[in-house]
Structure formats: structure tokens, C-alpha cells
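Read through the structure below, which is laid out as C-alpha cells, and then see the notes.
The model shown is predicted, which means the values in this text are computed figures rather than measured ones.
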Amino acid sequence: MRDHGVSRGVVLRAFKELQADGVAEPVRGGRWRVVRQGEHVDRRPLDERIADIIATEGFEVGAKFPSASQLMGRFKVSRPTVTKALDKLEAAGLLASEGQGKVRTVRTVPNREERS
């Protein structure tokens with residue numbers, strides 16, 4: 001706004017046009033980011049993306065599930081974000097744990113139709 005001497009409304013309309021063209025997208029916190037051509041980013045909630053791991057990577061009931069540290073690196077998110085997603089999966093009955101610091105295991109394997 002300052003650089004181009006325009007109002008906030010003008011800037012927001014410009015960003016909406018860029019979004020319609022697929023060049024920019026809104027990000028939490030009132031910010032925007034440039035979308036690179038050919039870039040595909042999975043915008044589903046983290047718990048859904050983690051649940052996909054169970055089904056697509058051949059986990060069996062009772063199998064050891066990747067640690068929060070491994071998931072942090074894989075999804076490029078913070079530990080609290082991973083912990084919250086894993087807690088949701090435990091509440092949904094997909095994962096089980098013996099308590100804090102213990103290994104999580106797969107409690108049930110969802111099929112693709114259940115998550116659609």
C-alpha cells in the first residue's frame with residue numbers, strides 16, 4: 001500500500017484477482033503467498049493427510065506408527081501441530097498410544113471410501 005500509494009481495499013482486490021488467476025493464495029494470518037507454476041500443495045487438514053499414511057503405506061493393525069519427530073520433518077510443521085493431529089486420530093480410533101512418550105500404534109486401518 002505504502003509503496004504504490006493505494007488503499008487496503010485496492011490491494012485486497014488485486015490479491016483476489018491474482019487468486020482467481022491461480023497466481024496467489026491466502027495464508028492464515030491475513031497474508032498471501034505466490035503460487036509457483038506446477039506447484040501442488042495438499043491443503044487438507046494435517047490429521048487427514050496423516051490418516052492417508054495408514055491406508056497408502058500398508059500399515060497393519062498393531063503396527064508401530066511414525067513418531068511425531070518423523071512426521072514433523074515429513075510435513076514440515078511444528079511438534080504441537082503434529083501432536084494435535086495425532087490426538088485427533090487417537091480420538092477417532094485410528095491410533096492408540098500407551099501415554100506420553102510411548103510408541104503409537106495403528107488401531108484400525110481406514111479404507112479410502114470412509115475418508116471421502
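For the atom pair Thr81 OG1 and Leu71 CG, the distance stands at 12.0 Å (nearest 0.5 Å). Summarising the geometry, atom CD belonging to Glu48 is positioned 9.5 Å from atom CG belonging to Leu89; distances are rounded to the nearest 0.5 Å. Separating the CE atom in Met1 from the CG atom in Asp3 is a distance of 10.0 Å, to the nearest 0.5 Å. A distance of 5.0 Å separates CZ in Arg8 from CG in Leu12, rounded to the nearest 0.5 Å. Once rounded to the nearest 0.5 Å, the distance linking NZ of Lys88 with CD of Glu90 reads 13.5 Å.
Counted within 6.0 Å of CD on Glu60, heavy atoms from surrounding residues, nucleotides or ligands total 12 or fewer; the atom is thus considered open.
In this structure, the side chain of Arg79 does not engage the main chain of Met72 through any donor-acceptor pair within 3.5 Å.
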* Evaluation steps, side chain to side chain contact (heavy atoms under 4.5 Å, CB included), between Ile54 and Leu95 -> CA-CA 9 Å; Ile54 298 169; Leu95 297 176; 4.0 Å; yes

* Audit row: Val10, His4, side chain to side chain contact (heavy atoms under 4.5 Å, CB included) steps and yes/no -> CA-CA 10 Å; Val10 169; His4 297 285; over 6 Å; no

* Check step by step if side-chain hydrogen bond (donor to acceptor under 3.5 Å, both in side chains) holds for Ser67 and Arg104. => CA-CA 7 Å; Ser67 69; Arg104 283 186 172 86; over 6 Å; no

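Proximity of Asp47 to Leu94: side-chain heavy atoms (C-beta onward) are nowhere separated by under 4.5 Å. Considering only heavy atoms from C-beta on, Val11 stays 4.5 Å or farther from Trp32 through its side chain.
The two atoms that bring Ala85 and Ile50 nearest to each other are CB-CD1, 4.0 Å, heavy atoms only. Between Pro66 and Phe59, the shortest heavy-atom distance links the atoms CD-CZ, 3.6 Å. Residues Arg107 and Val61 approach most closely at O-CG1, 3.4 Å, considering heavy atoms.
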